[in-house]
Amino acid sequence: MKLQIPALLAVTALFCLAATNLIAGPVHPLVSDDSLKVQMVRDWERAKAYTKAYLDAMPEDGVTFKPTPEIRSFAEQMLHLSNATIFFVSTGTGKAKIYDGKNLEKSDEYKTKAALTKIVMECYDYAIEAVKGLDATKLSEPVSMGPNKFSRYTWVTKGFEHQTHHRGQCTIYIRLKGVTPPNEMLF
């Protein structure tokens with residue numbers, strides 16, 4: 001008895017699928033929602049320590065330093081990082097914003113080393129506590145902000161990505177002040 005071509009293709013496809021499952025084993029998520037949340041908290045704690053090292057490395061006279069007149073000062077970079085962290089994390093977690101309605105970047109009261117360090121660390125503490133308080137089963141829940149609709153997880157990780165970008169920009173500021181920036185804290 002001859003198999004017709006469509007039937008032969010179907011049998012071949014099923015065989016390939018079965019062989020793939022035998023070789024690869026059952027499909028399981030790499031991490032559970034709970035372990036993903038735990039890793040997010042660890043990453044934010046590490047980012048806080050890394051950013052603190054940047055703040056510690058910059059001399060007092062470098063806090064208001066601008067490499068060129070048209071760009072942010074070191075303090076403004078760190079305050080921008082903080083404002084955005086609050087925005088992204090509050091959007092992702094639903095936790096009420098701290099410093100709501102306040103543009104930290106434009107506030108002269110935070111442009112001393114001590115005041116800058118204090119407020120930036122408060123913003124990291126906010127992010128860490130907000131992620132800790134997030135129900136891990138809701139990480140994939142969509143949240144809309146303006147025209148953007150992403151999962152809670154995506155909003156929080158975009159905040160993480162943003163703070164990494166602006167801390168990285170501060171490397172040049174520190175080097176221009178004659179200081180070696182902190183080593184990368186990847187783990």
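Numbers here are sequence positions counted from 1. Bear in mind that the values here come from a model prediction, so they are computed numbers and not experimental data.
Lys158 NZ: 12 or fewer foreign heavy atoms inside a 6.0 Å radius. No more than 12 heavy atoms of other residues, nucleotides or ligands lie within 6.0 Å of CG in Asn183, so this atom counts as exposed by the packing criterion.
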**OP:** Could you check Ile119 against Glu109 for side-chain contact (heavy atoms from CB on, under 4.5 Å), going step by step and ending with a plain yes or no?
**Re:** CA-CA 10 Å; Ile119 195 155; Glu109 65 189 287; over 6 Å; no
Subject >> Derivation of the salt bridge (charged side-chain N to carboxylate O under 4.0 Å, His left out) call for Glu129 and Lys132 >> reply: CA-CA 5 Å; Glu129 291 308 310; Lys132 283 181 179 178; 3.6 Å; yes
**OP:** Evaluate the criterion side-chain contact (heavy atoms from CB on, under 4.5 Å) for residue pair Ser90 and Asp100; output intermediate values, then yes/no.
**Re:** CA-CA 10 Å; Ser90 69; Asp100 194 18; over 6 Å; no
**OP:** Apply the test side-chain contact (heavy atoms from CB on, under 4.5 Å) to residues Asp135 and Glu141: give CA-CA distance (whole Å), side-chain angles for both, the deciding distance (0.1 Å), then the verdict.
**Re:** CA-CA 10 Å; Asp135 178 351; Glu141 184 177 274; over 6 Å; no
Original post:
Does the side-chain contact (heavy atoms from CB on, under 4.5 Å) test come out yes or no for Val89 and Lys95, once each step is laid out?
Top reply: CA-CA 8 Å; Val89 171; Lys95 185 173 175 80; over 6 Å; no
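A salt bridge links Arg46 to Asp43: at least one charged side-chain nitrogen sits closer than 4.0 Å to a carboxylate oxygen. Ionic pairing of Glu60 and Lys113 is not present here: no N-O contact between side-chain nitrogen and carboxylate oxygen is shorter than 4.0 angstrom.
The line from OG1 of Thr93 to CG of Leu134 is 6.5 Å long, rounded to the nearest 0.5 Å. Distance check, rounded to the nearest 0.5 Å: CZ of Arg175 to OG1 of Thr180 gives 5.5 Å. Here OG of Ser82 is found 7.5 Å from CG of Leu116. Values are rounded to the nearest 0.5 Å. The distance from the OG1 atom of Thr51 to the CG atom of Leu81 is 6.0 Å, given to the nearest 0.5 Å. To the nearest 0.5 angstrom, Cys123 atom SG is 11.0 Å from Lys48 atom NZ. For the atom pair CD of Glu122 and CD1 of Ile86, the computed distance is 9.0 Å after rounding to the nearest 0.5 Å.
Applying the ring-ring contact (aromatic ring centres under 6.0 Å, His included) test to Tyr110 and every residue at least two apart in sequence or in another chain returns nothing. By the ring-ring contact (aromatic ring centres under 6.0 Å, His included) test, Tyr54 pairs with Tyr50, sequence neighbours left out. With sequence neighbours excluded, no residue satisfies salt bridge (Lys or Arg N to Asp or Glu O under 4.0 Å) with Lys138.
Using a distance-only test at 3.5 Å, with no hydrogens or angles considered, no donor-acceptor pair links the side chain of Lys177 to the main chain of Ile172. With hydrogens and angles disregarded, a donor-acceptor distance shorter than 3.5 Å links the side chain of Thr157 to the backbone of Thr154. Between the side chain of Thr117 and the backbone N or O of Ala114 there is no donor-acceptor pair closer than 3.5 Å.
For the pair Leu36 and Leu139, the tightest heavy-atom approach, listed with the atom from each and the gap, is CD2-CD1, 3.9 Å. The heavy-atom pair separating Val156 from Gly92 by the smallest distance is CG2-CA, 4.1 Å. Of all heavy-atom pairs spanning Ala136 and Asp34, the tightest one is CB-OD1, 3.3 Å. Taking both residues in full, the closest heavy atoms of Ser144 and Lys149 are given as OG-CG, 3.4 Å, listed atom of the first, atom of the second, then distance. The two atoms that bring Lys97 and Tyr126 nearest to each other are CA-OH, 3.9 Å, heavy atoms only. Counting all heavy atoms, side chain and backbone alike, Val179 lies closest to Ala57 at CG1-O, 3.5 Å.
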Solution key, residues 62-70 side-chain donor-acceptor pairs under 3.5 Å, sequence neighbours excluded:
unit_1, atom_1, unit_2, atom_2, d
Lys66, NZ, Pro69, O, 3.4
Lys66, NZ, Ile71, O, 3.4
Thr68, OG1, Glu70, OE2, 3.1

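Of the N and O atoms on the side chains of His166 and Gln169, at least one donor lies less than 3.5 Å from an acceptor on the other residue.
Under the 4.5 Å side-chain heavy-atom criterion for grouping Ile, Leu, Val, Met, Phe, Trp and Tyr, Tyr124 is not connected to Val38 through any hydrophobic cluster.
Annotation for Leu186: hydrophobic cluster partners, listed by chain and number, are Phe187 (ILVMFWY side-chain heavy atoms under 4.5 Å, direct or chained). Residues Phe87, Phe88, Val143, Phe150, Trp155 make up the rest of the hydrophobic cluster containing Met145, defined by ILVMFWY side-chain heavy atoms closer than 4.5 Å, directly or through other members.
Tested against Glu105, the residues Glu76, Lys111, Met78 include a single side-chain contact (heavy atoms from CB on, under 4.5 Å) partner, Glu76.
The side-chain heavy atoms of Gln163 and Trp44, taken from C-beta on, include a pair separated by under 4.5 Å.
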